[in-house]
Amino acid sequence: MVNMHDWTLIDITSHWRNRSVILRFSSQDGHKEILANNFSKVRVPRNNPWGASVSVNKAILSNADKRLSIEMQSGDTIEIEAQSIELPE
């Protein structure tokens, strides 16, 4: 799993028809994308319990559950469940 700490979330795009989600980030190494195919769940809370932030704190990929959890520095956790999740190297 790539270390996503301090990556900046740019946007999240859902393609409903083909059941894909693209998350775009900027990092010190340039722009990065995560692609989730055949998603069944996308949860994007924006409650900012730790204060407003667009930066990633940590990310966890569970291959068994086919789930990606991205904890933002705001305290919110973005969750995606999909048949395949493609991470940048």
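Throughout, residue positions are numbered sequentially from 1 according to the sequence presented.
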Stepwise side chain to side chain donor-acceptor pair (under 3.5 Å) test for Glu71 and Asn57: CA-CA 6 Å; Glu71 180 182 272; Asn57 190 36; 2.4 Å; yes
Kindly indicate whether the side chain of [X], heavy atoms from C-beta on, has any atom under 4.5 Å from the side chain of [Y].
X: Lys41; Y: Glu79; result: yes
X: Asn3; Y: Lys58; result: no
X: Leu68; Y: Ile34; result: yes
X: Asn48; Y: Asp76; result: yes
X: Leu61; Y: Ile85; result: yes
X: Phe39; Y: Ser14; result: yes
X: Met72; Y: Thr77; result: no
X: Met4; Y: Ile70; result: yes

With rounding to the nearest 0.5 Å, note down the distance linking [atom1] in [X] to [atom2] in [Y].
X: Ser55; Y: Trp7; atom1: OG; atom2: CH2; answer: 12.5 Å
X: Thr13; Y: Glu33; atom1: OG1; atom2: CD; answer: 8.5 Å
X: Ser69; Y: Arg43; atom1: OG; atom2: CZ; answer: 9.5 Å
X: Glu86; Y: Leu35; atom1: CD; atom2: CG; answer: 4.5 Å

Asn18 and Ser20 side chains, donor-acceptor separation under 3.5 Å: yes
How far apart are the closest heavy atoms of [X] and [Y], and which atoms are they?
X: Ser27; Y: Lys32; value: OG-CE, 3.5 Å
X: Gln73; Y: Trp50; value: O-CE3, 3.5 Å
X: Ala82; Y: Ala36; value: CB-CB, 3.8 Å

Worked check of salt bridge (charged side-chain N to carboxylate O under 4.0 Å, His left out) between Lys66 and Glu81: CA-CA 6 Å; Lys66 299 182 181 180; Glu81 293 178 8; over 6 Å; no
Under 3.5 Å: donor-acceptor pair, side chain of Arg67, backbone of Ile80: no
Main-chain N/O of Gln83 paired with Asn38 side-chain donor or acceptor, under 3.5 Å: no
Trace of the side chain to side chain contact (heavy atoms under 4.5 Å, CB included) decision for Phe25 with Val56: CA-CA 9 Å; Phe25 300 88; Val56 174; 3.8 Å; yes
Same apolar cluster: Trp16 and Ile22, side chain cutoff 4.5 Å: no
ILVMFWY network linking Val2 to Leu23, side-chain heavy atoms under 4.5 angstrom: yes
Worked verdict on Leu87 versus Met1 for side chain to side chain contact (heavy atoms under 4.5 Å, CB included): CA-CA 8 Å; Leu87 300 173; Met1 174 82 197; 3.6 Å; yes
